[in-house]
Amino acid sequence: MNLFSDIRNLVLASLEILQSNGTLPKELNFSNVTVEPPRDASHGDMSTNAAMVLAKPAGMNPRLIADALSLLLVNDERVISADVAGPGFLNLCLKQDYWTSIIPFVLNMGTNYGRATIGTGIKVNVEYVSANPTGPLHVGHTRGAVFGDALASLLDFAGFDVTREYYINDGGAQVDVLARSVYLRYLEANGQAVEFVDGTYPGDYLVELGVDLKNKYGDSLVDKPETEWIAELRLFATEKMMDLIRSDLALLGIRMDVFFSEKSLYGTGLIEAALADLDGKGLVYQGVLEPPKGKKPDDWEPREQTLFKSTEHGDDVDRPIAKSDGSWTYFAPDIAYHFDKVQRGFDQLIDIFGADHGGYVKRMKAAVSALSNQQVSLDIKLTQLVKLYKNGEPFKMSKRAGTFVTLRDVVEQVGPDVTRFVMLTRKNDAPLDFDFAKVQEQSKDNPVFYVQYAHARISSVLSKAKDANMKIDVKTFKSLKHPSEITVIKKLAEWPRLLELAAKHNEPHRVAFYLYELAGDFHALWNIGKEAPETRFLQEDNPELSAEKLSMVSAVQLTIAAGLTILGVAPIDEMR
RNA sequence: GCACCCGUAGCUCAGCUGGAUAGAGCACCUGACUUCGAAUCAGGGGGUCACAGGUUCGAAUCCUGUCGGGUGUACCA
């Protein structure tokens with residue numbers, strides 16, 4: 001139940017009547033007609049731009065259209081008035097009963113209030129994290145993980161058929177480096193002194209892998225050449241690292257549906273098949289790229305290689321898919337991977353990248369566009385950097401200084417709920433400040449707390465009501481008239497509309513901001529009770545009145561819970 | 001050089017497929033607890049939406065250019 005789309009339907013039906021009686025011409029596109037909450041409450045309950053967007057195509061004065069529309073709308077039982085304002089806005093005033101009808105609906109739907117159908121029948125794949133399997137997740141991955149997961153939940157709530165997916169980069173040179181690093185730890189476990197050179201990973205997290213290997217092989221691998229152990233250690237180490245990453249993700253409550261291995265694309269013909277598809281479309285050729293303008297790399301030299309004509313699908317330059325020695329670039333398996341997603345029948349693909357990978361957006365979009373004959377859309381969301389602060393001081397991360405902050409560090413310090421909510425209080429493409437002190441503060445500066453507190457306060461009221469044997473489930477409302485009550489109810493009614501917009505734009509942060517606003521409206525209403533005792537939720541000598549108010553706050557609580565669940569944050573009943 | 005992201009109040013940021021007088025929090029000032037949790041609320045001051053053009057009934061929002069900041073820039077993943 002979406003009050004705004006209901007009224008929009010009423011507007012559209014009225015417009016059709018105006019067409020059939022000749023007031024408006026037959027051929028009109030109504031898709032731009034909106035019904036939205038007005039910025040200023042004094043403008044009424046809802047406003048529509050119908051007259052203005054139709055004025056030009058209909059060749060009519062917007063006020064004439066608005067007047068005619070107004071006459072029809074006021075006939076509807078939900079509408080009190082429809083006044084033309086400004087350049088042609090139609091401001092609607094709606095009956096009190098209509099607004100309050102949302103309350104029993106919410107109580108009936110519970111935390112499913114707001115579920116939408118805009119995604120029904122649409123298969124969407126959300127790929128996120130996809131960190132190299134060479135170590136634990138760090139704080140940078142955390143934002144992508146939280147964002148991707150919340151987006152997936154948001155789309156699920158909007159009715160999409162969602163698959164959460166992680167692409168394991170286990171096919172490249174960095175996995176060899178990992179294997180060598182583990183070998184060094186193995187030597188160490190056998191009592192040798194080792195040095196981490198050539199970019200090998202010195203992190204402690206590999207120590208136990210070295211011990212495991214010693215337990216398994218004793219010292220039998222110590223003097224063996226690399227060729228004898230590298231393949232096995234690669235496999236062993238990446239599996240261990242993926243276990244580590246899975247457990248890191250679990251700390252945030254994240255579970256992937258699919259882990260897709262890059263390695264599985266090699267030697268199986270999948271890369272060749274994807275490239276054959278592009279080749280069949282005339283998009284693969286042998287060529288030499290121009291040197292980049294501006295500062296030229298010192299070692300630049302013209303090389304002939306296999307190129308993908310990505311410029312035909314919106315890229316700036318064509319991109320290499322094979323190196324000059326004939327081996328694949330990283331881009332080739334990426335193409336194959338996305339080809340696989342297309343073949344699995346997804347209608348929409350979404351990739352979450354760190355902002356430092358922004359340079360790959362166009363080529364990936366070009367590849368998907370080409371591979372799917374422009375049938376499958378690829379939206380790439382970039383998550384910006386997280387700047388860490390401790391007590392207001394910027395906190396510099398350094399692997400060498402040992403001040404490298406992992407996902408586990410963050411979650412163990414502040415908890416999964418705080419981590420998730422804070423990461424979602426910014427648009428994904430805006431940098432985020434994360435202050436360890438501030439995010440744990442219990443005040444309204446901290447949106448996590450503020451929203452949780454509203455939920456907890458309602459739990460407190462409801463348990464008091466239960467002690468007093470108050471009923472909370474009613475269908476009709478007579479007492480909810482105070483402006484602060486109306487504000488809360490209207491905010492509740494906006495939830496389904498907001499959810500659809502957030503899903504349409506792939507922007508889960510809108511849910512976080514909405515919850516903050518809803519919590520704020522609720523806190524305001526709570527405090528009004530001091531000046532206006534008739535708005536207090538528990539009216540001890542008036543059970544009927546109490547039931548109406550308790551129904552309202554219960555609906556608020558359910559809506560907050562629904563929103564928090566999408567964000568992956570647990571609603572709590574008591575602050576500690 | 002080129003591409004992408006960003007530029008909104010002193011600070012941190014929202015701003016709906018283009019809508020009416022641009023919002024919130026922090027900070028600053030003034031008020032509200034014999035209470036269903038004051039961990040909260042009410043009120044006040046504070047903005048040339050970086051700048052200049054354009055599109056139109058209407059632009060913070062779309063287009064072009066300029067300035068400023070971030071990121072990425074050939075066979076690395």
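Residue numbers begin at 1 in each chain, while the letters A, B, ... track the order of the sequences. As a basis for the values below, the full set of heavy atoms in this structure was taken, side chains included, without hydrogen atoms, waters or symmetry mates. Note that the coordinates shown come from a computational prediction; the quantities given were computed from them, not determined experimentally.
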Give the nucleotide from the list [options] with an atom nearest to the side chain of [X].
{"X": "A:Asp433", "options": "B:C57, B:G25, B:C13", "value": "B:C13"}
{"X": "A:Tyr516", "options": "B:G25, B:U40, B:C4", "value": "B:G25"}
{"X": "A:Arg510", "options": "B:A14, B:A74, B:C16", "value": "B:C16"}
{"X": "A:Ala430", "options": "B:C41, B:A14, B:G37", "value": "B:A14"}
{"X": "A:Arg426", "options": "B:C57, B:C4, B:U12", "value": "B:U12"}
{"X": "A:Arg457", "options": "B:C13, B:A74, B:U40", "value": "B:U40"}
{"X": "A:Phe513", "options": "B:G37, B:C13, B:G19", "value": "B:C13"}
{"X": "A:Tyr453", "options": "B:C41, B:A74, B:A38", "value": "B:A38"}
{"X": "A:Leu382", "options": "B:U40, B:C4, B:A74", "value": "B:C4"}
{"X": "A:Ser47", "options": "B:C57, B:A20, B:A14", "value": "B:A20"}

Under 4.0 angstrom, heavy atoms only, what part of the nucleic acid is [X] near: base, sugar-phosphate, or nothing?
{"X": "A:Phe331", "result": "nothing"}
{"X": "A:Pro431", "result": "sugar-phosphate"}
{"X": "A:Asn91", "result": "base"}
{"X": "A:Tyr450", "result": "sugar-phosphate"}
{"X": "A:Asn32", "result": "base"}
{"X": "A:Val53", "result": "base"}
{"X": "A:Gln539", "result": "nothing"}
{"X": "A:Ala85", "result": "base"}
{"X": "A:Glu531", "result": "nothing"}
{"X": "A:His357", "result": "base"}

Heavy-atom count around [X] [atom1] within 6.0 Å, excluding the residue itself: above 12?
{"X": "A:Glu304", "atom1": "CD", "result": "yes"}
{"X": "A:Asp198", "atom1": "CG", "result": "no"}
{"X": "A:Glu540", "atom1": "CD", "result": "no"}
{"X": "A:Lys490", "atom1": "NZ", "result": "yes"}

- Task: Using the six-membered ring wherever Trp is involved, compare the ring planes of A:Tyr453 and A:Phe449 and label them parallel, tilted or perpendicular (cut-offs 30° and 60°).
- Result: parallel

Query - Mutual orientation of the aromatic rings belonging to A:Phe260 and A:Tyr337 [parallel < 30°, tilted 30-60°, perpendicular > 60°] - result: tilted

Pair of N/O donor and acceptor under 3.5 Å linking [N] base with [X] side chain:
{"X": "A:Tyr360", "N": "B:A77", "value": "yes"}
{"X": "A:Thr329", "N": "B:A77", "value": "no"}
{"X": "A:Arg303", "N": "B:A74", "value": "yes"}
{"X": "A:Asp356", "N": "B:U71", "value": "no"}
{"X": "A:Lys530", "N": "B:A42", "value": "no"}

If the cut-off is 4.0 Å, is [X] near the phosphate of [N], judged by side-chain N/O to OP1 or OP2?
{"X": "A:His509", "N": "B:C16", "value": "no"}
{"X": "A:Ser460", "N": "B:G37", "value": "yes"}
{"X": "A:Lys504", "N": "B:C16", "value": "no"}
{"X": "A:Trp328", "N": "B:A77", "value": "no"}
{"X": "A:Lys381", "N": "B:C5", "value": "no"}

Nearest-Å distance once atom [atom1] is located in both [N] and [M]:
{"N": "B:G7", "M": "B:G45", "atom1": "C1'", "result": "25 Å"}
{"N": "B:A9", "M": "B:G25", "atom1": "C1'", "result": "12 Å"}
{"N": "B:G18", "M": "B:U56", "atom1": "C1'", "result": "10 Å"}
{"N": "B:C57", "M": "B:U40", "atom1": "C1'", "result": "45 Å"}
{"N": "B:C51", "M": "B:C67", "atom1": "C1'", "result": "7 Å"}
{"N": "B:C16", "M": "B:A74", "atom1": "P", "result": "36 Å"}

Margin query: Would you say the base of B:G19 stacks on A:Phe89 (centre-to-centre below 5.5 Å, plane angle below 30°)?
Written below: no

Aromatic-base stack, A:Tyr330 on B:C76, cutoff 5.5 Å, angle under 30:
no

Exercise. Please walk me through it: do A:Asp334 and A:Tyr360 pass side chain to side chain donor-acceptor pair (under 3.5 Å)?
Worked result: CA-CA 11 Å; A:Asp334 267 352; A:Tyr360 309 118; over 6 Å; no

- Residues A:Gln557 and A:Ser459: side-chain donor-acceptor under 3.5 angstrom: yes

Those stems involving RNA chain B that have three or more consecutive Watson-Crick or G-U pairs, both distances under 3.5 Å, are B:1-7 with B:67-73, B:10-13 with B:23-26, B:28-32 with B:40-44, B:50-54 with B:62-66

Is A:Arg497 positioned over the aromatic face of A:Phe4, cation under 6.0 angstrom from the ring centre and no more than 45 degrees off axis? yes

Evaluate the criterion side chain to side chain donor-acceptor pair (under 3.5 Å) for residue pair A:Thr134 and A:Gln174; output intermediate values, then yes/no.
CA-CA 8 Å; A:Thr134 55; A:Gln174 80 280 2; over 6 Å; no

